[in-house]
Amino acid sequence: QPIEGDRITLHAVVFNHGVHDANDVIVQFVDVTGGGNLPIGNPQIIDTIPAGSSGVAQVLLESEGRSGERRIEVAVDPNNFIPETDEEDNRAAAVLTVAAPPAPNLMVLTGNVKFTPPDPTQGNPVSITVTLLNGGTADATDVVVQLLDITGGGSRPIGPEQIIDELAAGDNTVIQMIYDNTDQPGDRLIQVTADPNDTIAETDEGDNRATKALTISPPKIPNLVVRA
């Protein structure tokens, strides 16, 4: 399967089902994906197609920026210069699938964000462990991971940004930070983001961030009661 960026050779076999030879047969390849009409290269010319025989035309398709399913149409004698017994069978189309180029896909999933202890009490620090995945088809390098306390619409960094030198395709890595803003009880909202500045081109930019709630409980203290 071709990959975006490849130079793809397109072939078309043109049959002459008539009883006379056809000369100077023009063949035009066109990308008609999504209702478009983008010529592919220059019109090709087959010098002669004898009656009852066939000829071949080919052209190079530059596939940069054309990943996905492309609908390619071939038009023979598009200007109707050659008189024919049937003018209705001069066009045909086929689908060409161009794979996206290899790229990483950094993934931060809520289930991969862990708090230790899971139910901390006021004043006790919390260890935050994050498992970062690369679900793409290429390695990622210099991956920045940012942790923020976004409680109440804020944006308080939790430690310095972490940098992962390399994360191979299909692999994962673990980072750990200490969260010590536990002097008051209540709910905290912790956000983890991989590649926060979008410097790494990925197959999916929508799964780089996860948020998870952390509840800080008040300390358990005794309640002394005196009864007369």
Side-chain angles (χ1 to χ4, degrees), residues 3-5 64-69 98-228:
I3 298 173
E4 180 182 342
E64 188 69 35
R66 295 189 182 188
S67 63
E69 291 189 345
V98 180
N105 181 31
L106 302 172
M107 303 167 63
V108 182
L109 306 178
T110 301
N112 288 337
V113 180
K114 306 293 185 182
F115 301 134
T116 306
D119 301 306
T121 56
Q122 179 180 346
N124 291 329
V126 179
S127 175
I128 303 176
T129 303
V130 180
T131 301
L132 176 65
L133 310 175
N134 180 359
T137 55
D139 299 347
T141 57
D142 298 326
V143 180
V144 175
V145 181
Q146 179 189 67
L147 279 72
L148 296 175
D149 180 349
I150 61 171
T151 306
S155 183
R156 177 177 177 175
I158 302 173
E161 292 182 340
Q162 303 293 297
I163 299 179
I164 301 166
D165 293 335
E166 183 173 10
L167 184 57
D171 205 353
N172 66 80
T173 191
V174 176
I175 65 169
Q176 191 172 43
M177 297 290 290
I178 298 298
Y179 177 70
D180 57 9
N181 185 30
T182 61
D183 55 330
Q184 296 294 327
D187 292 334
R188 307 285 195 275
L189 194 58
I190 307 302
Q191 177 179 280
V192 182
T193 306
D195 188 33
N197 298 313
D198 292 331
T199 58
I200 300 173
E202 303 179 56
T203 56
D204 185 354
E205 299 284 356
D207 52 6
N208 287 21
R209 179 174 297 166
T211 57
K212 190 169 185 177
L214 171 66
T215 299
I216 309 296
S217 301
K220 297 178 181 180
I221 57 177
N223 182 24
L224 302 176
V225 178
V226 177
R227 290 189 175 90

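Small disclaimer: the values here were computed from a predicted structure and weren't measured.
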Could you list the donor-acceptor pairs under 3.5 angstrom formed by side chains in residues 149-161, with sequence neighbours left out?
{"unit_1": "Asp149", "atom_1": "OD1", "unit_2": "Thr151", "atom_2": "N", "d": "3.0"}
{"unit_1": "Asp149", "atom_1": "OD1", "unit_2": "Thr151", "atom_2": "OG1", "d": "2.5"}
{"unit_1": "Asp149", "atom_1": "OD2", "unit_2": "Tyr179", "atom_2": "OH", "d": "2.7"}
{"unit_1": "Asp149", "atom_1": "OD2", "unit_2": "Asn181", "atom_2": "ND2", "d": "3.4"}
{"unit_1": "Thr151", "atom_1": "OG1", "unit_2": "Leu189", "atom_2": "N", "d": "2.9"}
{"unit_1": "Arg156", "atom_1": "NH1", "unit_2": "Asn181", "atom_2": "OD1", "d": "3.1"}
{"unit_1": "Glu161", "atom_1": "OE2", "unit_2": "Gln146", "atom_2": "NE2", "d": "3.3"}

Value rounded to 0.5 Å, distance of OG1 in Thr129 from NZ in Lys114: 9.5 Å

Side chain Asp165, main chain Asp142, donor-acceptor under 3.5 Å: no

Among Val143, Asn112, Ile175, the one residue meeting side chain to side chain contact (heavy atoms under 4.5 Å, CB included) with Leu132: Val143

Between OG1 on residue Thr110 and NZ on residue Lys212, distance to nearest 0.5 Å: 7.5 Å

Leu214 side, atom CG; Ile190 side, atom CD1 - distance, nearest 0.5 Å: 5.5 Å

Residue pair Pro219 / Gln122: nearest heavy atoms and the distance that separates them: CD-OE1, 3.2 Å

Heavy-atom closest pair, residues Pro185 and Ser217: CB-C, 4.1 Å

Within-4.5 Å side-chain heavy-atom neighbours: Arg209 and Val108: no

Closest non-hydrogen atom pair, Ala100 against Ile3: O-CG2, 3.9 Å

Check: residues 198-207 side-chain donor-acceptor pairs under 3.5 Å, at least two apart:
{"unit_1": "Thr199", "atom_1": "OG1", "unit_2": "Asp195", "atom_2": "OD1", "d": "2.9"}
{"unit_1": "Glu202", "atom_1": "OE1", "unit_2": "Leu106", "atom_2": "N", "d": "2.7"}
{"unit_1": "Glu202", "atom_1": "OE2", "unit_2": "Asn208", "atom_2": "ND2", "d": "2.6"}
{"unit_1": "Asp204", "atom_1": "OD1", "unit_2": "Gly206", "atom_2": "N", "d": "2.7"}
{"unit_1": "Glu205", "atom_1": "OE2", "unit_2": "Glu202", "atom_2": "N", "d": "3.4"}
{"unit_1": "Asp207", "atom_1": "OD2", "unit_2": "Asn105", "atom_2": "ND2", "d": "3.3"}

Considering all heavy atoms, the nearest Ile178-Pro125 contact: CG2-CB, 4.0 Å

Distance-minimising heavy-atom pair for Pro120 and Thr215: CD-O, 3.4 Å

Sole candidate of Leu109, Val192, Val174, Thr173 that passes side chain to side chain contact (heavy atoms under 4.5 Å, CB included) when paired with Val130: Val192

Taking every non-hydrogen atom, the tightest pair across Ile216 and Thr121: CG2-C, 4.0 Å

